[in-house]
Amino acid sequence: MAYLTILSYPDPRLYRKAAPVQSVDDSVRALVRDMADTMYAARGVGLAATQVDVHKRVIVIDISEARDHLLTLINPVIVEKEGTQYSEEGCLSVPGVYDRVERAQRVKIQALGSTGESFELVAEQMLAVCIQHEMDHLEGKVFVDYLSRLKQARIRARMEKQLRKSVKTSAIHPPIF
Ligand code: GNR
Ligand code: NI
């Protein structure tokens with residue numbers, strides 16, 4: 001198992017645009033495995049490579065209750081979208097922050113799976129929200145960017161305060177490994 005470090009908002013590396021995967025080879029499959037391990041350990045429903053500082057168009061998602069339905073999306077493209085829905089979103093890169101975001105109700109995407117096969121998928125509700133949230137990460141966008149300037153400023157201040165706190169505690173209690 002390999003756990004990757006998840007970048008925290010407002011890290012500028014979250015604003016980089018990811019490049020398409022040229023070929024789904026063993027190094028990409030190893031990245032998918034490490035991202036899945038990291039997502040499950042962090043109890044997230046999705047993770048984009050951008051969040052672990054790898055700027056390639058790779059996403060893992062698992063919205064199942066049993067956490068046994070891994071969906072891998074490589075180079076995903078939205079080919080159709082319709083309707084609107086609002087839901088409370090959270091992000092592993094912005095811990096503790098949840099807010100309402102507008103998304104398409106239904107999306108049809110085309111992507112490659114972990115064996116390099118091309119497939120289409122129609123998603124609605126929660127899965128559609130998750131796919132749009134993760135695809136935003138690949139474009140260098142975080143859900144916080146949709147909130148008001150005031151909320152963004154508050155979230156930044158809170159994250160910076162948390163960072164200062166963790167820097168202080170790690171100085172007092174240096175990590176053992
Ligand atoms: O774990 C996550 N939960 C979540 C809840 C509502 C909408 C989107 C998400 S994705 C998030 C994991 C994450 O940050 N993925 O980028
Ligand atoms: Ni996220």
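We're numbering straight along the sequence, starting at 1. Order of listing sets the numbers, starting from 1, for every ligand and every atom in it.
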So that I can tick it off, tell me whether [Y] and [X] are bridged by a salt bridge, with the cut-off set at under 4.0 angstrom between side-chain N and carboxylate O.
X: Arg106; Y: Glu82; answer: yes
X: Asp136; Y: Arg103; answer: yes
X: Glu139; Y: Arg57; answer: yes

Atoms in ligand 1 flagged as close to [X], the criterion being non-hydrogen separation under 4.0 Å:
X: Cys91; answer: 14 (O)
X: His137; answer: 16 (O)
X: Gly44; answer: 1 (O)
X: Glu134; answer: 10 (S), 13 (C), 15 (N), 16 (O)

Practice task
Spell out, yes or no, whether Leu70 and Met1 are grouped together once hydrophobic residues are joined by side-chain heavy atoms under 4.5 Å, including indirect joins.
Solution key: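 In one cluster: no.
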
Problem - Hydrophobic cluster membership, Val107 vs Leu73, 4.5 Å side-chain cutoff - result: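 Cluster IDs for Val107 and Leu73 match.
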
Problem - ligand 1 contact on Glu88 by region, counting heavy-atom pairs under 4.0 Å - result: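 Backbone only.
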
Practice task
Check Glu89 against ligand 1 and report side chain, backbone, both or neither, counting heavy atoms closer than 4.0 Å.
Solution key: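 Both parts.
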
Please report which non-hydrogen protein atom sits nearest to [atom], along with the residue it belongs to and the distance in Å to one decimal place.
atom: atom 14 (O) of ligand 1; value: Leu92 N, 2.8 Å
atom: atom 1 (O) of ligand 1; value: Val45 N, 3.0 Å
atom: atom 8 (C) of ligand 1; value: His133 ND1, 3.6 Å
atom: atom 11 (C) of ligand 1; value: Gly90 O, 3.6 Å

Sequence neighbours left out, what passes side-chain contact (heavy atoms from CB on, under 4.5 Å) with [X]? Give chain and number order.
X: Glu65; value: none
X: Asp62; value: Met39, Tyr40, Ser64, Arg67, His69
X: Arg158; value: Val97, Gln162

Practice task
For atom CD of Gln22, decide whether the heavy atoms of other residues, nucleotides or ligands shown that lie under 6.0 angstrom number more than 12.
Solution key: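 12 or below, so no.
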
Practice task
Can you see which heavy atom on His133 is nearest to which on Gly90, and at what distance?
Solution key: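 Closest approach of His133 to Gly90: CE1-O, 3.2 Å.
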
Handout entry: Under-2.8 Å neighbours of the Ni ion (ligand 2), protein N/O/S atoms only
Key =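 Counting protein N, O and S atoms closer than 2.8 Å to the Ni ion (ligand 2) gives 3.
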
Exercise for the section: Answer yes or no: does an N/O atom from Gly46 fall short of 3.5 Å to an N/O atom of ligand 1? Expected result: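 In this structure, Gly46 places an N or O atom under 3.5 Å from an N or O of ligand 1.
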
Practice task
Evaluate the side chain to side chain donor-acceptor pair (under 3.5 Å) criterion for residues Tyr86 and Glu102: first the C-alpha distance (whole Å), next the side-chain angles of each, then the deciding distance (0.1 Å), finally the verdict.
Solution key: CA-CA 5 Å; Tyr86 294 86; Glu102 182 189 319; 3.1 Å; yes

